[in-house]
Each structure stands twice: as C-alpha cells, then as structure tokens.
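First up is the structure itself, then whatever we jot down about it.
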Amino acid sequence: MEKIAHLIKNSTSTVIFTGAGMSTESGLPDFRSKNRGLWGKFNPDELANVDALENNQEEFVNFYQFRLNEIQAYHPHDGHYTLAKWEKNGIIDGIITQNVDGFHHDAGNNNVMELHGTFRKFFCHHCKKEVERERFLEGQTNCSRCNGPIRPGIVLFGEMLPEDTFLKAEELTIHSEVFIVLGSSLTVTPANMFPILAKEHGATLIIVNREETPMDPYADYIINDQSVKEFLLKLDRYISA
Ligand SMILES: [Zn+2]
C-alpha cells in the first residue's frame with residue numbers, strides 16, 4: 001500500500017477506471033449479475049434496446065422507471081467521495097467508468113467519462129430535447145416538442161458507445177502513468193481494452209477486484225482481499241500522510 005501511495009504521489013497522471021463493483025458497494029444491484037433479484041419481472045435483454053423503445057414503449061417506460069427509482073434509492077459511498085477529493089487535490093486526472101448511475105458526479109467528480117452513458121440525463125429519442133428525469137418518473141413519456149419517446153441517456157443494446165467520450169478516455173489512458181481499475185471484472189469489450197492500452201504506453205497497472213480478471217497477467221499490483229471502499233480509504237491515509 002505504501003508503494004502504491006508513493007507511485008501515485010509521484011505520478012504526473014493517474015487515471016481511475018470503475019466498474020459495477022464500485023456501485024454494488026453502495027448497495028445497487030449489478031445489472032450483469034446472474035442473480036438479478038428484483039429484476040425478475042423484467043427482462044433487460046428484451047427491453048434495453050431501441051426496438052422496445054419504439055414498439056413496446058409501455059414496458060420500456062415501466063422498466064426504466066423501475067431502474068431510475070432503484071438508482072435514486074442508493075447513494076455514493078466513502079470511496080466515491082475519496083475519488084472526488086483526489087480530483088480536487090490534483091491526485092487523479094479523471095475517471096473512466098462503465099457505470100451509468102451517475103454516482104461519481106453525485107460525489108463531486110467533474111472529469112468523468114461515462115462509457116455507457118448515464119441515467120442523469122433523459123432526452124427525446126427523435127429530436128434530442130432534454131427532459132428532467134423527475135418528469136420521466138412522474139409519467140412524461142413523450143416529447144413536448146415532437147412527441148417522440150423519452151429515453152434515458154444510457155447506451156442501449158445495439159447502439160454505439162459515445163464516440164467523444166470514448167476518444168477522451170483513450171487519450172487520458174494513453175498519457176496515464178498509473179492506471180487503477182476499481183471493481184471491474186474487465187470482461188466487457190471494448191471497455192476492457194483500456195488497461196491494456198495503459199500498459200502498452202508504460203503505465204503501472206493496478207487492479208482492485210474481488211474476483212480474478214482476464215487482465216490480471218498484465219497487472220503490476222492485484223488487490224482482491226478488500227473492498228474498493230476499504231482500498232481507497234486505506235490508500236487515502238497513506239497519500240495524506
Ligand atoms: Zn422531441
């Protein structure tokens with residue numbers, strides 16, 4: 001831990017990459033876990049796509065109202081707040097995330113690249129006019145301007161990842177000296193290419209995840225005996241010392 005703190009203190013660019021494990025520590029159920037619990041009544045494979053938005057809007061809306069309520073029931077944890085403090089203090093350069101819950105923004109981070117979009121924003125699928133997410137929860141399902149269906153700002157199945165965000169994340173990764181993965185199994189492509197890209201450009205790669213990941217052979221440090229939150233709080237004490 002002391003070594004990692006030393007690396008970060010002396011790094012000109014440290015980049016954080018977060019996955020589902022970051023959010024599940026807030027209590028939020030994992031979208032990809034086999035045990036989807038409350039999700040039993042919905043089938044995301046059938047609903048999280050543009051076809052459902054256009055042809056099965058009622059169920060699409062029910063599903064995403066459910067998802068949004070779920071997200072709003074949970075909050076960032078101390079690990080998120082540690083990362084926000086680190087951004088403010090110039091210890092990290094930015095966060096690349098696979099998460100769509102917006103917790104990094106809620107905690108106070110500004111430089112966040114949300115590879116799969118975000119539930120913070122809702123908009124009209126046709127004319128892109130933004131709608132406050134509270135309106136969607138209250139039952140506004142169509143655009144006041146063009147009557148198009150309202151959708152969350154997340155990437156639906158079959159859609160491209162947001163290109164600008166992706167390029168920015170790539171740029172940040174290439175120039176990182178320390179690259180830290182927090183709570184990602186690194187199995188989803190193309191998100192899992194970031195640790196390799198960092199490594200190829202000379203970064204020290206640190207992976208913090210409960211389970212093994214396919215990228216472990218490339219990592220300089222693997223931490224799997226503590227939660228992401230525990231890791232961040234402990235590291236923060238070393239960095240602040
Ligand atoms: Zn519209």
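By convention here, the first residue in the shown sequence is residue 1. This structure is a prediction, so every number in the text was calculated from the model and none was measured.
Of the N and O atoms on the side chains of Trp86 and Asp236, at least one donor lies less than 3.5 Å from an acceptor on the other residue.
A distance below 6.0 Å separates the ring centres of His80 and His104. Between Phe119 and Phe103, a ring centre-to-centre spacing not shorter than 6.0 Å is recorded.
Under the 4.0 Å criterion applied to side-chain N and carboxylate O atoms, Arg151 and Glu54 are not assigned as salt-bridge partners. A salt bridge does not link Arg120 with Asp106: none of the charged nitrogens is closer than 4.0 Å to a carboxylate oxygen. Note on Glu138 versus Arg135: salt bridge recorded, some NZ/NE/NH1/NH2 to OD/OE distance being below 4.0 Å.
The local environment of NZ in Lys128 is crowded, with over 12 non-hydrogen atoms from other residues, nucleotides or ligands closer than 6.0 Å. No more than 12 heavy atoms of other residues, nucleotides or ligands sit less than 6.0 Å from atom NZ of Lys121.
When each of Lys85, Met22, Gln226 is checked for a side chain to side chain contact (heavy atoms under 4.5 Å, CB included) with Leu232, only Met22 meets the rule.
Looking only at distances, no side-chain donor or acceptor of Asp220 sits under 3.5 Å from a matching main-chain atom of Ile206. Between the side chain of Gln65 and the backbone N or O of Phe136, at least one donor-acceptor pair lies under 3.5 Å. For Glu25 (side chain) and Gly183 (main-chain N/O), no donor-acceptor pair under 3.5 Å exists by modelled atom type.
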Trace of the ring-ring contact (aromatic ring centres under 6.0 Å, His included) decision for Phe179 with Tyr218: CA-CA 12 Å; Phe179 193 90; Tyr218 307 98; over 10 Å; no
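Considering only heavy atoms from C-beta on, Ile180 comes within 4.5 Å of Thr14 through its side chain.
Cluster annotation: Phe42 and Val155 are assigned to distinct hydrophobic clusters (Ile/Leu/Val/Met/Phe/Trp/Tyr, side-chain heavy-atom contacts under 4.5 Å, transitive).
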